[in-house]
> 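One structure, pasted below without further comment.
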Amino acid sequence: MCGIVGIVGKSNVNQALYDALTVLQHRGQDAAGIVTSHNGRLFLRKDNGLVRDVFHQRHMQRLVGNVGIGHVRYPTAGSSTSAEAQPFYVNSPYGITLAHNGNLTNVEQLAKEIYESDLRHVNTNSDSEVLLNVFAHELARRGKLQPTEEDVFAAVTDVHNRCRGGYAVVAMITGYGIVGFRDPNGIRPIVFGQRHTDEGVEYMIASESVSLDVLGFTLIRDLAPGEAVYITEDGKLHTRQCAVNPQLTPCIFEHVYLARPDSIIDGVSVYKARLRMGEKLAEKILRERPDHDIDVVIPIPDTSRCAALELANHLGVKFREGFVKNRYIGRTFIMPGQAARKKSVRQKLNAIELEFRGKNVMLVDDSIVRGTTCKQIIQMAREAGAKNVYFCSAAPAVRYPNVYGIDMPSAHELIAHNRSTQEVAELIGADWLIYQDLPDLIEAVGGGKIKIDAFDCAVFDGKYVTGDIDDKYLERIERARNDASKVISQGVGATIGIYNN
């Protein structure tokens with residue numbers, strides 16, 4: 001899970017890119033980067049940390065140019081170092097920078113091809129750098145001194161032919177423009193829009209529509225699976241379908257947890273989808289326990305609030321805010337290292353005893369992954385005086401790892417893997433645990449105007465939509481994602497530079 005943005009403007013875009021990245025900060029808190037282009041030169045700043053910590057006034061002053069791309073990152077596997085912060089850069093052809101959200105499932109094969117056939121060197125362990133080199137090689141094969149939109153789209157077509165997995169990409173071709181494209185399954189989200197200024201029309205590509213809203217851009221639409229958009233530096237917009245037999249099978253977990261509720265993804269309001277999740281949960285509770293004794297419904301801030309509100313409404317039970325959140329602590333789901341996650345839960349939330357004392361409390365969370373957070377929160381509710389603590393997940397049981405760009409832990413770290421609902425309830429200390437049913441989740445999310453062929457629900461059902469995932473692959477990523485293998489870099493220097501085209 002990362003956030004990407006690209007802007008072709010009529011004046012300096014550094015501030016707009018910064019603002020867009022702050023809006024997308026929820027998609028990655030590990031690293032941030034911006035690169036801009038001016039008169040054939042690239043200006044880059046990237047480092048580990050939050051957007052506000054990576055970019056200071058002196059950095060912003062150097063990021064000149066009317067065209068640029070940006071990225072917020074969190075690591076899907078391996079070490080978390082500034083060397084793997086994005087955007088990445090290659091000087092041939094033309095000078096290309098790229099930022100990527102997702103994960104390539106055939107990255108080892110591609111890395112071998114890049115070295116042995118494409119004669120290119122990859123300097124990090126990031127699949128984003130591999131993707132950049134594949135795109136650069138395919139564009140170079142056109143052999144043009146000045147690439148046209150036909151060349152760009154042909155290169156994207158070849159990328160789709162070579163790459164497998166989920167990916168949403170923005171890339172800047174120095175002196176020519178910005179290209180955005182989406183994998184043929186449309187797993188990861190990407191949208192584009194425009195705004196009118198006195199100087200002319202400006203264009204923006206981003207992971208979520210909310211970043212367009214905040215900057216005053218009007219959403220044009222989502223990129224279709226396999227589609228590419230190319231915006232030249234002089235503001236001409238070109239789009240092209242670049243994949244054969246694309247299928248829209250987006251990641252359903254975007255609606256459960258990853259995206260902001262004020263975003264619209266593939267024509268579906270994330271907010272409305274989460275409201276419907278709460279409605280479906282209420283129906284299940286009434287089926288299983290029509291004589292329930294729930295006194296109050298309390299959300300675990302923030303992503304479960306929509307579902308919890310609608311759940312309470314349909315049950316006719318009071319909705320209360322029982323936890324106060326420290327907004328200066330990051331999202332525990334994307335914190336590398338179990339020790340850091342455990343520590344941050346107590347720092348992030350504090351219970352309001354008034355809402356718990358002597359009551360049967362239904363806690364609502366968006367999902368249960370490792371069980372680390374909910375176990376501690378249930379204990380906090382008991383310490384605050386709750387009579388009984390029930391727990392409700394707006395998503396089904398997470399039993400399988402994600403391979404398309406979400407740092408879902410290895411299977412043995414997932415609390416629901418090979419366990420029944422009752423076993424999970426006992427492990428987290430809940431008096432009653434209820435999960436969303438997968439068909440209900442699909443119905444809750446699939447209510448938009450765009451025809452969605454299917455959803456990637458692999459974390460729930462183990463069915464990977466790209467069809468290339470086997471036990472051997474899952475064993476390999478389990479070794480890579482094991483908490484013991486994650487090394488958090490300390491004292492790694494920032495990267496800032498100026499590249500001459």
> If you look at every heavy atom in Leu212 and Ala206, which pair is closest and at what distance?
CD1-CB, 3.7 Å
> Please check if the distance between the ring centroids of Tyr435 and Phe391 is under 6.0 Å.
no
> Would you kindly say whether Glu84 and Ser126 are connected by a side-chain donor-acceptor distance under 3.5 Å?
no
> Could you tell me which non-hydrogen atom of Leu311 sits nearest to which non-hydrogen atom of Leu281, and how far apart they are?
CD1-C, 3.9 Å
> Just by distance, no angles: are the side chains of His412 and Glu478 close enough, under 3.5 Å, to form a donor-acceptor pair?
yes
> Using a 3.5 Å distance criterion without hydrogens, assess whether the side chain of Asp183 forms a donor-acceptor pair with backbone atoms of Gly166.
no
> Checking Lys46 side chain against Ala85 main chain: does a donor-acceptor pair fall under 3.5 Å?
yes
> Determine whether a donor-acceptor pair (N or O, by modelled atom type, separation under 3.5 Å) exists between the side chain of Glu355 and the backbone of Ile352.
no
> Would you please test Phe455 and Phe253 for ring-ring contact (aromatic ring centres under 6.0 Å, His included) and show each step?
CA-CA 9 Å; Phe455 286 100; Phe253 210 71; over 10 Å; no
> Passes side-chain contact (heavy atoms from CB on, under 4.5 Å), Val256 versus Met277? Steps please.
CA-CA 9 Å; Val256 171; Met277 291 177 205; 4.2 Å; yes
> Please report the closest heavy-atom contact between Gln347 and Asn326, naming both atoms and the distance.
O-CB, 3.5 Å
> Shortest non-hydrogen contact from Gln241 to Ala224?
NE2-CB, 4.4 Å
> Hey, is the main chain of Val361 close enough, under 3.5 Å, to the side chain of Asp295 for a donor-acceptor pair?
no
> For Val54, does its backbone N or O pair with a side-chain atom of Arg45 as donor and acceptor, under 3.5 Å?
yes
> Could you verify whether a donor N or O on one side chain and an acceptor N or O on the other, from His160 and Tyr167, lie under 3.5 Å apart?
yes
> Establish, from distance only, whether the side-chain atoms of Gln29 and Gln25 form a donor-acceptor pair under 3.5 Å.
no
> For Cys2 and Ser207, work out which heavy atoms get closest and say how close.
O-OG, 3.9 Å
> Can you see which heavy atom on Ala259 is nearest to which on Arg27, and at what distance?
CA-NH1, 4.3 Å
> Using a 3.5 Å distance criterion without hydrogens, assess whether the side chain of Ser209 forms a donor-acceptor pair with backbone atoms of Ile264.
yes
> Quick one: are Leu131 and Leu104 in side-chain contact, heavy atoms under 4.5 Å?
yes
> Check whether the side chains of Glu413 and Ser410 place a donor and an acceptor atom closer than 3.5 Å, and report yes or no.
yes
> Has the side chain of Glu129 got a donor or acceptor atom that lies under 3.5 Å from a matching backbone atom of Asn123?
yes
> Backbone N or O of Ala444 within a donor-acceptor pair of the Arg276 side chain at under 3.5 Å?
yes
> Return a table of donor-acceptor pairs under 3.5 angstrom between the side chains of residues 462-470 and protein atoms on other chains or two or more places apart.
| unit_1 | atom_1 | unit_2 | atom_2 | d |
| --- | --- | --- | --- | --- |
| Tyr464 | OH | Pro401 | O | 2.8 |
| Thr466 | OG1 | Tyr404 | OH | 2.6 |
| Thr466 | OG1 | Asp468 | OD1 | 2.5 |
| Asp468 | OD2 | Thr105 | OG1 | 2.7 |
| Asp470 | OD1 | Lys472 | N | 3.3 |
| Asp470 | OD1 | Tyr473 | N | 2.8 |

> Taking Leu275's backbone N and O only, do any of them form a donor-acceptor pair with Glu310's side chain (distance below 3.5 Å, no angle check)?
no
> Side chain of Ser367, backbone of Val369: donor and acceptor closer than 3.5 Å?
no
